[in-house]
Asks: 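What follows is a structure written as structure tokens; I'll ask about it next.
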Amino acid sequence: MRRVRGGGAAAAARPEHLAAHARLVKSACPDAFLAATAMRGYLRACLPLQALLLLRSLLPRAPCLLGNSFSLSLALQASSAALSDSAPAVLGLGLRAASLHARALKSGFAAADLFVRTALVEAYAKAGRADLARAAFDEAPRRDVFLCNVMLAAYVARGEVAEARKVFDGMRERDLVSWNTMIHGYAVSGDVDMAREIFDGMEDRDAFSWSSMMSAYAKGRRSKDALRLWREMRAACATPDCITMVSVLSACGDMGALAVGTEVHQFVESSKVAVDVRLGTALIDMYAKCGDIENSLIVFHSMPSKDVLTWNSMIIGLANHGLGHDALSLFSRMVSEGLRPNEVTFVGVLTACTHLGLVSDGKKYFSSMGAVHGIAPKVEHFGCMVDLLGRSGHIEEARHLIRDMPFEPDAVIWRTLLGSCRIYKNVEVAEEAMAKLRVLDPHADGHYVLLSNIYAQANSWEGVAEMRKTLRREGIQRIPGRSSIEWQSATHEFVSGDRSHPRSKEIYEMLEEVMDRLRQAGYRPMTELVLQDIDEQSKERALAEHSEKLAVAFGLLTTPARSTLRITKNLRACEDCHSAIKLISLVYNRKLIIRDRNRFHHFSEGQCSCNDYWTDQKLPDEEQKSQERERMKTQLAHPIIGGWRTSHLYKSGEGVLSTWWLPDLVQVPRQGPGQDESVAIGVA
DNA sequence: GTAGGGTTAG
């Protein structure tokens with residue numbers, strides 16, 4: 001059965017179908033046509049059990065209904081649709097696929113009917129009986145493209161794309177659905193290139209074809225290819241629909257491609273495609289992941305209906321931008337509006353606490369998961385807690401949590417603890433974590449670099465040399481850092497020391513100028529972070545040519561004065577780059593928004609919104625915090641975003657105030673859909 | 001009677 005789009009829960013049955021139902025119930029002699037009409041009405045309204053109940057009530061007076069191919073195929077559809085949510089009721093009615101199959105066989109006519117056959121194969125497949133589905137398919141006296149397509153989809157749903165391919169290759173006739181199902185089949189089995197081969201072999205394509213290919217790239221995290229496909233699609237004048245756009249947006253978020261994402265949003269608004277919950281959520285997620293939390297909030301507040309994924313995306317987006325208090329207040333609003341949070345919600349809530357250093361709040365949320373919300377914490381929640389405890393200096397408590405948790409700790413957990421040891425220069429626990437990591441994830445380069453940095457900070461130069469040797473001895477490949485920046489709707493990507501860009505010469509000239517001005521402003525390169533065994537000057541050079549600095553230099557070169565630079569990085573921000581970029585924001589009077597592997601850094605006026613939470617700077621003391629609060633009061637006349645007050649942000653009792661840049665939200669220069677002028681969003 | 005979509009610890 002095709003689900004009613006956008007309805008989600010059961011939409012109302014259409015009046016004419018309800019009237020048909022009423023007439024049937026009253027009539028002495030139920031007729032098959034009316035019964036089919038009423039059943040179809042219930043199916044369309046996602047009320048399959050009602051369809052079955054109707055049929056059941058009619059059967060004593062009209063047993064012929066089960067020998068009738070119309071009502072029989074509808075009964076099969078209803079039965080498989082109802083099985084997932086009302087299994088006991090369906091079983092009690094005796095109208096499962098097997099009994100309906102038996103009824104069909106009693107009247108040879110119905111068993112030979114292609115509609116009945118198709119519904120039968122689908123019903124068996126949906127009940128998880130691939131063997132019976134295949135048998136029903138093989139027993140079909142003849143086959144058409146619909147029947148084969150259902151068999152294809154059944155194999156694809158089980159992840160058996162090779163079997164699907166055999167059916168596909170054996171088909172005399174194929175339609176768009178057959179081809180599209182194969183694209184999807186290869187996509188879910190992870191074979192994106194085969195999906196593309198199928199896609200390329202098609203004579204005609206429809207929105208399903210493009211969407212399936214797009215989501216194949218998006219799921220395989222081949223976002224560059226997804227964006228290329230989007231351009232191809234636009235060039236081919238094919239019409240994207242809501243679902244296509246969800247997939248493109250997911251690729252934009254992955255790449256940090258704000259310009260393309262904004263273009264897609266504009267397209268959504270101009271094409272009058274209805275923005276359903278999923279598309280809205282995809283937009284929220286895209287804007288947040290591209291560093292544009294303002295537009296993310298605008299979309300969130302504009303959505304008339306939201307589900308748990310919508311709230312999660314917004315909560316996680318805010319948390320990753322260091323707006324933890326907003327994330328937490330959104331969480332309580334979500335709960336007070338009666339939505340049930342899920343596991344992912346708590347990942348966002350705990351991340352918010354970590355980025356703010358709210359240890360006791362984090363513990364409360366963590367224990368409320370089971371106690372209040374009935375959600376068992378999973379390994380990622382323990383991971384969040386290890387991060388929260390470790391990062392705030394409670395390394396022993398983090399160790400105990402790892403020891404006592406009901407899971408075998410994975411590499412991520414130990415790596416998190418290692419990160420905390422780096423902040424607090426705890427060599428002993430770092431070595432313990434490293435010992436575990438050498439077993440659990442021996443080939444990842446990041447651990448060795450982290451431990452080396454810990455040794456360097458503890459002035460243990462033998463330790464640094466040892467790490468260098470280990471890396472070489474075990475042939476561990478360093479993952480190159482990559483930073484990208486969008487310019488003129490294209491993504492420009494840099495690796496360390498990159499000279500491949502067409503404007504490389506200018507970029508290096510700009511870089512030189514930048515480094516000169518930074519040195520004058522007091523910048524000192526952190527050469528102790530460089531792992532290669534090279535002289536001091538080469539180390540300085542290596543640091544200066546880090547991918548983030550190249551991307552910044554390119555940005556300074558190509559964008560107008562005072563505009564914001566947005567950069568996306570594949571690894572954690574390098575500490576030297578972090579301090580250099582803070583100074584750049586001051587010296588060049590620029591805002592820079594940098595997305596690293598797991599959060600955002602908003603640089604402005606020599607500071608970063610992360611408050612250096614990942615470096616060895618401790619949380620600010622009370623005096624600093626109260627000064628900060630005083631400073632904020634003078635800046636706060638206003639903030640209401642979509643009717644939602646954010647002034648509570650500055651009432652923080654604990655942890656880091658990382659939201660000093662927030663008053664910008666009041667006056668958002670909106671480059672987004674539809675308009676270029678500044679849009680005041682101060683008043684709801 | 002058949003096919004495609006959104007959130008997740010470091």
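Given the structure is predicted, the values throughout are model-derived calculations rather than measurements. In what follows, chains carry the letters A, B, and so on, assigned in the order in which the sequence lines appear, proteins first and then strands, with residues in each chain numbered from 1.
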Asks: If you only use heavy atoms from C-beta on, which nucleotide in B:dG10, B:dG1, B:dG5 is closest to the side chain of A:I243?
Replies: B:dG5
Asks: Mind checking if A:S250 touches a base, just sugar-phosphate, or nothing, with heavy atoms under 4.0 Å?
Replies: nothing
Asks: Would you indicate, yes or no, if B:dG4 has its OP1 or OP2 atom less than 4.0 angstrom from a side-chain nitrogen or oxygen of A:H184?
Replies: yes
Asks: Taking only N and O in the side chain of A:K219, is any of them less than 4.0 Å away from OP1 or OP2 of B:dG4?
Replies: no
Asks: Does the side chain of A:K126 get closer than 4.0 angstrom to OP1 or OP2 of B:dG1 through an N or O atom?
Replies: no
Asks: At under 4.0 Å between heavy atoms, what does A:D410 touch on the DNA or RNA strands: base, sugar-phosphate, or nothing?
Replies: base
Asks: Counting only heavy atoms not in A:F33 (residues, nucleotides, ligands), do more than 12 fall under 6.0 Å from its CZ?
Replies: no
Asks: The side chain of A:N180 is closest to which nucleotide in this list: B:dA3, B:dA9, B:dG1?
Replies: B:dA3
Asks: Check whether any side-chain N or O of A:N149 sits under 4.0 Å from OP1 or OP2 of B:dA3, and answer yes or no.
Replies: no
Asks: Which nucleotide, B:dA3, B:dA9, B:dG6, lies nearest any side-chain atom of A:L309?
Replies: B:dG6
Asks: Is a salt bridge present between A:D138 and A:R134, judged by a nitrogen-to-oxygen distance below 4.0 Å?
Replies: yes
Asks: Nearest to the side chain of A:T416, which nucleotide is it out of B:dG10, B:dT8, B:dA3?
Replies: B:dG10
Asks: A:S215 has a side chain; which of B:dG10, B:dG4, B:dA9 sits nearest to it?
Replies: B:dG4
Asks: Please confirm whether any donor atom in the side chain of A:R278 sits under 3.5 Å from an acceptor in the base of B:dG5, or the reverse.
Replies: yes
Asks: Looking at B:dG6, does its base get a donor-acceptor pair with the side chain of A:D307 below 3.5 Å?
Replies: yes
Asks: Once you apply a heavy-atom cut-off of 4.0 Å, does A:A207 come out as touching a base, just sugar-phosphate, or nothing?
Replies: base
Asks: Is there a donor-acceptor pair closer than 3.5 Å between any side-chain N or O of A:R278 and the backbone N or O of A:V246?
Replies: no
Asks: Which part of the nucleic acid, if any, lies within contact of A:T310, taking any heavy atom under 4.0 Å across all strands shown: a base, the sugar-phosphate backbone alone, or nothing?
Replies: base
Asks: Once you apply a heavy-atom cut-off of 4.0 Å, does A:V150 come out as touching a base, just sugar-phosphate, or nothing?
Replies: sugar-phosphate
Asks: Side chain of A:V344 only, please: which of B:dT2, B:dG6, B:dT7 is the nearest?
Replies: B:dT7
Asks: Tell me if the NZ atom of A:K436 is crowded by more than 12 foreign heavy atoms within 6.0 Å.
Replies: no
Asks: Heavy atoms under 4.0 Å, any strand shown: does A:T244 hit a base, just sugar-phosphate, or nothing?
Replies: base
Asks: For B:dG4, does the base pair up with any side-chain atom of A:D241 as donor and acceptor (N or O, under 3.5 Å, distance only)?
Replies: yes
Asks: Nearest of B:dG4, B:dG10, B:dT7 to any side-chain atom of A:N342?
Replies: B:dT7
Asks: Side chain of A:V277 only, please: which of B:dT8, B:dG4, B:dG6 is the nearest?
Replies: B:dG6
Asks: So what does A:S212 hit on the nucleic acid, given a heavy-atom distance under 4.0 Å: a base, only sugar-phosphate, or nothing?
Replies: sugar-phosphate
Asks: Classify the side chain of A:D276 versus the base of B:dG6 as yes if they form a donor-acceptor pair under 3.5 Å and no if they do not.
Replies: no
Asks: Between the base of B:dG1 and the side chain of A:T118, is there any donor-acceptor pair under 3.5 Å?
Replies: yes
